[in-house]
Amino acid sequence: MASEAPSTTRRLADILANTPDVFESLTATHAAATDAIPTRLYELCRLRVAALLGTPDELATSELDAATVEALPSWPTHDAFDATDRACLAFTEQFIIDVASMPDDLAEAVADRLGGDGFANFVHALLALEQRQRLRLIWDQLDIKGALS
Amino acid sequence: MTTTRTRRLPDNARPSSRLLDAFMDWQASAVRLTAVDPVTTELVRLRCAQHHDCHT
């Protein structure tokens with residue numbers, strides 16, 4: 001099971017306390033996403049998204065070993081990462097920075113490594129983890145203290 | 001600017017049904033919220049579609 005910073009999990013739960021349908025479906029999406037792709041890929045991409053977005057506490061929480069986490073900023077060249085890791089991380093970076101400009105070759109590289117169904121699962125899982133971090137960041141920025149009504 | 005892309009997924013490629021169903025439930029539950037007025041909601045939906053290059 002992939003991980004998430006406890007502070008992110010708590011923040012989402014607190015904000016959505018008055019909208020249980022939304023919270024429960026968001027939680028179910030998270031659980032399905034973490035089960036849909038290998039834990040290593042989920043964790044690599046979650047940590048890379050956190051580094052790019054500046055999500056608090058996420059980098060301090062991981063199922064990966066410390067050496068891999070430390071090497072992650074150097075993923076294009078570091079030998080801790082294989083071709084599948086690199087394809088998925090390249091796709092992740094473009095997805096976060098400018099998803100509408102995703103070039104075909106980045107998508108094809110992931111599909112080549114994971115297969116068609118695997119690629120579909122990967123993109124959905126990436127969307128799920130991105131949504132959670134962006135929601136947390138937005139609500140932090142708005143400085144919302146209690147639950148939304 | 002209109003960009004033409006090649007198809008990226010085979011016709012029969014699908015995410016897991018559990019994941020797809022969870023996403024559908026999550027999106028439906030968010031759409032059912034009423035705190036934001038319909039005009040603002042539609043503006044946000046259109047902006048998100050533009051951001052994601054979504055044409056559906």
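Below, chains carry the letters A, B, ... as their sequence lines are ordered, and counting in each starts from 1.
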Notebook entry, point to check: When rounded to the nearest 0.5 angstrom, what is the spacing between CH2 in A/Trp139 and CG in A/Leu16?
Noted result: 4.0 Å

Notebook entry, point to check: Between A/Glu43 and A/Ser3, do the side chains contain an N or O donor and an N or O acceptor separated by less than 3.5 Å?
Noted result: yes

Item checked: Option that, when pairs with chain A are counted at under 4.5 Å, heavy atom only, ranks first among B/Ala35, B/Ala28, B/Ala22 -> B/Ala22

Notebook entry, point to check: Which one of A/Thr27, A/Asp117, A/Leu127 has the most heavy-atom pairs closer than 4.5 Å to chain B?
Noted result: A/Asp117

Notebook entry, point to check: Based on non-hydrogen pairs under 4.5 Å, which of A/Asp21, A/Asp98, A/Val123, A/Leu26 is most in contact with chain B?
Noted result: A/Leu26

Item checked: Part of A/Glu24 lying under 4.5 Å from any heavy atom of chain B -> neither

Note to self: Please classify the contact of A/Ala33 with chain B as side chain, backbone, both or neither, using a heavy-atom distance under 4.5 Å.
What the structure shows: both

Next item on the list: Answer yes or no: is there an ion pair linking A/Arg46 with A/Glu4, defined by an N-O contact shorter than 4.0 Å?
Entry: no

Item checked: Parallel, tilted or perpendicular, as decided by the 30° and 60° cut-offs, for the rings of A/His30 and A/Tyr42 -> tilted

Next item on the list: Please look at B/Asn12 and chain A and tell me whether the side chain, the backbone, both or neither of the residue comes under 4.5 angstrom of a heavy atom of that chain.
Entry: backbone

Notebook entry, point to check: Side chain, backbone, both or neither: which part of B/Gln50 has a non-hydrogen atom closer than 4.5 Å to chain A?
Noted result: backbone

Notebook entry, point to check: Out of curiosity, does B/Leu33 fall in the hydrophobic cluster containing A/Ile15 (side-chain heavy atoms, cut-off under 4.5 Å, transitive links)?
Noted result: yes

Margin query: For A/Cys45 versus A/Cys88, what's the shortest heavy-atom pair and its separation?
Written below: SG-O, 4.1 Å

